[in-house]
Protein chains: 2
Amino acid sequence: MTIKIGDVSQAAGVSIKTVSRVLNNEKYVSKATRERVEAAVAKLGYHPNSAARALAGDRSFQIALVYDNPSPYNAQNVQAGVKTRCIEGGYRMISQPSDAGSTTLLDELCGLIDQAMLDGIILTPPFTDNAAIRAELARRDISYVTLSPAMLDHAVAAAFIDNVKAAEEMTTYLVSLGHRRIGFVEGDTRYAASAQRLAGYRKALDQAGLDYDATLVRPGQFDFESGSAAAADLLALKNPPTAIFASNDEMAAGVLATAHRLRVSVPSELSVVGFDDTDLAQVVWPPLTTVRQPVRALGYAAADLLFQLPDKVEQRLLPHELIVRDSTAANDVPIGHCGQGVSEKIKDRKPFP
Amino acid sequence: MTIKIGDVSQAAGVSIKTVSRVLNNEKYVSKATRERVEAAVAKLGYHPNSAARALAGDRSFQIALVYDNPSPYNAQNVQAGVKTRCIEGGYRMISQPSDAGSTTLLDELCGLIDQAMLDGIILTPPFTDNAAIRAELARRDISYVTLSPAMLDHAVAAAFIDNVKAAEEMTTYLVSLGHRRIGFVEGDTRYAASAQRLAGYRKALDQAGLDYDATLVRPGQFDFESGSAAAADLLALKNPPTAIFASNDEMAAGVLATAHRLRVSVPSELSVVGFDDTDLAQVVWPPLTTVRQPVRALGYAAADLLFQLPDKVEQRLLPHELIVRDSTAANDVPIGHCGQGVSEKIKDRKPFP
DNA sequence: TTGTAAGCGTTATCAA
DNA sequence: TTGATAACGCTTACAA
């Protein structure tokens with residue numbers, strides 16, 4: 001039989017309610033009492049039962065991370081970041097992989113909320129921009145944060161990077177190396193980041209005085225296959241690009257595979273760069289020059305924003321880095337980064353503890 | 001305010017207990033009543049509150065997956081498998097990444113059990129072989145299953161593949177291609193699979209009448225870096241191997257990277273094969289010949305074994321496949337597989353529903 | 001086959 | 001600053 005609050009109160013010689021007060025960091029507990037209770041808790045190895053807490057209070061100390069992420073590395077990293085912050089706050093994270101295309105999406109989410117008495121939710125793309133979900137959450141007055149949303153909403157907390165700027169910097173870097181024909185592989189268009197990265201690419205071309213050439217831009221789905229296929233198309237052009245910028249690293253790996261298959265030497269004949277969404281650059285040869293996205297930090301920040309929620313609704317911009325990798329160099333060389341935050345207060349509600 | 005069981009019972013014109021009976025699939029409910037209740041549940045969109053269920057019954061409908069996995073792809077796949085089976089059974093999975101080296105490991109786990117009223121636990125390596133954890137679980141009489149344990153224990157349910165046999169088949173395959181000097185990169189020795197795979201390699205050499213040469217075997221930690229380093233060592237030998245067998249795919253990717261860097265052509269000058277623990281073969285070029293481990297299926301099986309637990313303690317051997325990939329071939333060619341299961345009944349306890 | 005009443009372990013209310 | 005007592009929403013006795 002496991003230890004319960006009554007056992008602790010007996011051991012400490014106080015009432016159950018007093019133990020509860022200590023556990024919840026309430027005011028109006030004398031220092032002596034608090035210490036006595038804490039000692040008893042430690043001695044007995046007591047852990048409060050979360051089901052009972054959830055039922056009696058109405059917070060469950062659980063939040064959910066809702067995602068539909070085609071890339072395991074990315075999902076795992078986001079999860080790790082969220083989880084770290086949750087543990088720090090005494091919370092538990094429930095991870096909820098969902099199918100963005102599912103017709104019963106809203107029902108599933110409602111079920112989760114009812115069943116688990118969620119205290120808050122972190123939405124990741126493409127759910128960030130699902131109006132039905134956001135309306136339902138607002139209706140139920142459930143705190144939520146969006147991670148990398150397509151559009152910023154003043155009333156909704158968000159953690160994100162500046163994809164446009166990052167893609168612009170990367171493209172400008174390629175131009176600075178002398179490239180004039182730069183191929184681009186788009187990401188899955190259901191994710192806002194895809195359009196943002198393309199926009200950055202176009203912006204940099206503009207600034208460099210280079211014409212945008214639609215034949216150099218190919219669609220992709222953030223996976224290896226589409227990267228391979230796009231590269232095959234691009235390299236088969238009469239006048240092929242001298243560099244290819246893939247919207248994420250799995251596609252960049254596909255580009256590399258195709259280049260290798262076609263005996264196009266990287267990087268002497270073709271530069272390949274990407275967005276390191278998933279840390280795959282560590283696993284793929286040759287080491288890619290990438291925009292490093294702080295995926296774990298985004299997860300951590302999202303949870304952090306959730307915890308400060310009704311007090312402060314914040315839009316937090318996280319820094320990215322341009323990592324130039326050179327197989328001959330010993331170390332990676334970050335050549336740029338950006339980032340800053342802005343915040344705004346809106347309304348009062350029972351805060352996360 | 002969310003709907004509760006009383007609302008449903010009113011709508012259906014029956015008692016609360018009857019609704020509860022229907023929800024829990026108990027016997028002794030007339031078909032007509034059951035249908036009436038189910039209709040009310042559906043109409044109201046009722047979802048039982050899990051905190052209340054956990055408190056009143058003493059099952060939480062939650063199980064935990066405990067892991068410390070250096071490979072995100074692997075972890076994600078195991079999780080996906082476990083989760084799938086959990087959802088089928090109306091359960092929720094809590095994933096618990098832990099640090100195998102932590103001194104407070106046992107405390108953490110106890111905390112989780114007390115707090116979440118876990119109905120069961122799935123242990124993955126290296127926790128599968130942690131005597132302290134297993135003793136504590138036994139003491140508390142908590143159901144658990146081990147996934148890929150180092151040693152089979154008659155009294156403990158387990159899901160696993162035959163690593164020895166798989167490594168043996170792969171090595172034999174290399175021998176059949178004419179290789180006589182086959183390098184081997186070991187995995188992290190904290191994981192039992194590492195020793196098992198090495199054993200299979202040695203066994204196959206034996207059977208082929210080839211001498212075991214310790215200079216051809218290098219240590220590794222299941223990551224890209226150690227694979228790179230091992231390959232550098234092996235290829236620098238006076239008499240280098242003509243094939244390298246890496247104990248997992250991330251290390252195989254490292255081997256490929258080094259080969260490429262040293263201008264050793266794959267596969268004409270060097271064959272590289274591995275264990276596809278993480279599905280990375282899909283992401284790495286060139287496509288590797290691998291032992292495909294059914295990682296998702298292992299997760300699914302582990303949860304499945306947990307659900308049938310006190311009724312039947314089963315040791316389930318899952319099939320692996322040898323996937324020969326040839327860049328010129330259109331499709332992968334599985335050349336072998338194995339698998340079968342045995343089971344045994346031990347004692348009675350309240351079953352999972 | 002159905003219903004009634006007594007908890008489950010905690011927090012909230014209100015009084016001391 | 002503390003403590004008694006009533007919820008919280010459900011399941012498990014035990015009756016009917």
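Just so it is clear, the values below take in all heavy atoms, side chains as well, and ignore hydrogens, waters and symmetry mates. Order of the sequence lines fixes the chain letters, A, B, ..., with proteins taken first and strands second; residue numbering starts at 1 for each chain.
- To the nearest angstrom, P of dT11(D) lies 13 Å from CE of M117(B).
- For dT2(C), the base has a donor-acceptor partner in the side chain of R21(B) [N/O atoms by modelled type, under 3.5 angstrom].
- The phosphate of dT2(D) (OP1 or OP2) has no side-chain N or O of T18(A) nearer than 4.0 angstrom.
- Separating the CD atom of E26(B) from the P atom of dT1(C) is a distance of 13 Å, rounded to the nearest angstrom.
- Between D119(A) and S60(A), the shortest heavy-atom contact is OD1-N, 2.9 Å.
- For Y46(B), no side-chain nitrogen or oxygen approaches OP1 or OP2 of dG9(D) to under 4.0 Å.
- The side chain of N49(B) places no N or O atom within less than 4.0 Å of a non-bridging phosphate oxygen (OP1 or OP2) of dC8(D).
- A straight line from CZ of R53(A) to P of dG9(D) spans 18 Å, rounded to a whole angstrom.
- The existence of a salt bridge linking D114(B) and R140(B) is confirmed by a sub-4.0 Å separation between a basic side-chain nitrogen and an acidic carboxylate oxygen.
- Contacts of I16(A) with the nucleic acid, taken as non-hydrogen atoms under 4.0 Å apart, include base atoms.
- Contact annotation: S15(B) does not reach the phosphate of dT4(C) (side-chain N/O to OP1 or OP2, under 4.0 Å).
- Distance CD1 (I5(B)) to C1' (dT11(D)): 9 Å, rounded to an integer number of Å.
- Listed here is the closest heavy atom pair of L147(B) and L298(B): CD1-O, 3.8 Å.
- Considering only side-chain N and O atoms, S20(B) lies nowhere under 4.0 angstrom from the phosphate OP1 or OP2 of dT12(D).
- Evaluation of atom-type donor-acceptor distances gives a pair under 3.5 Å for the side chain of K17(A) against the base of dA12(C).
- The interatomic distance linking I3(B) (CD1) with dC10(D) (P) rounds to 11 Å, in whole Å.
- Contact annotation for S50(A): no contact, since no heavy-atom pair falls under 4.0 Å across all strands.
- Here dT1(D) presents its P atom at 14 Å from CD of E35(A), a figure rounded to the nearest Å.
- Between R296(A) and T84(A), the side chains place a donor N or O and an acceptor N or O closer than 3.5 Å (distance only, hydrogens not considered).
- Of all nucleotides listed (dT1(D), dG9(D), dT10(C)), dG9(D) comes nearest to the side chain of L55(A).
- Residue Y28(A) places its side chain closer to dT1(D) than to any other of dT2(C), dT12(D), dT1(D).
- Rounded to a whole Å, the CG atom of N24(B) is 18 Å from the P atom of dG9(D).
- Remark: K31(B) does not engage E38(B) in a salt bridge, criterion side-chain N to carboxylate O under 4.0 Å.
- The shortest distance between the side-chain N/O atoms of S30(B) and the OP1/OP2 oxygens of dT2(C) is below 4.0 Å.
- Look at CG on L23(A): it is 15 Å from C1' on dA12(C), rounded to the nearest Å.
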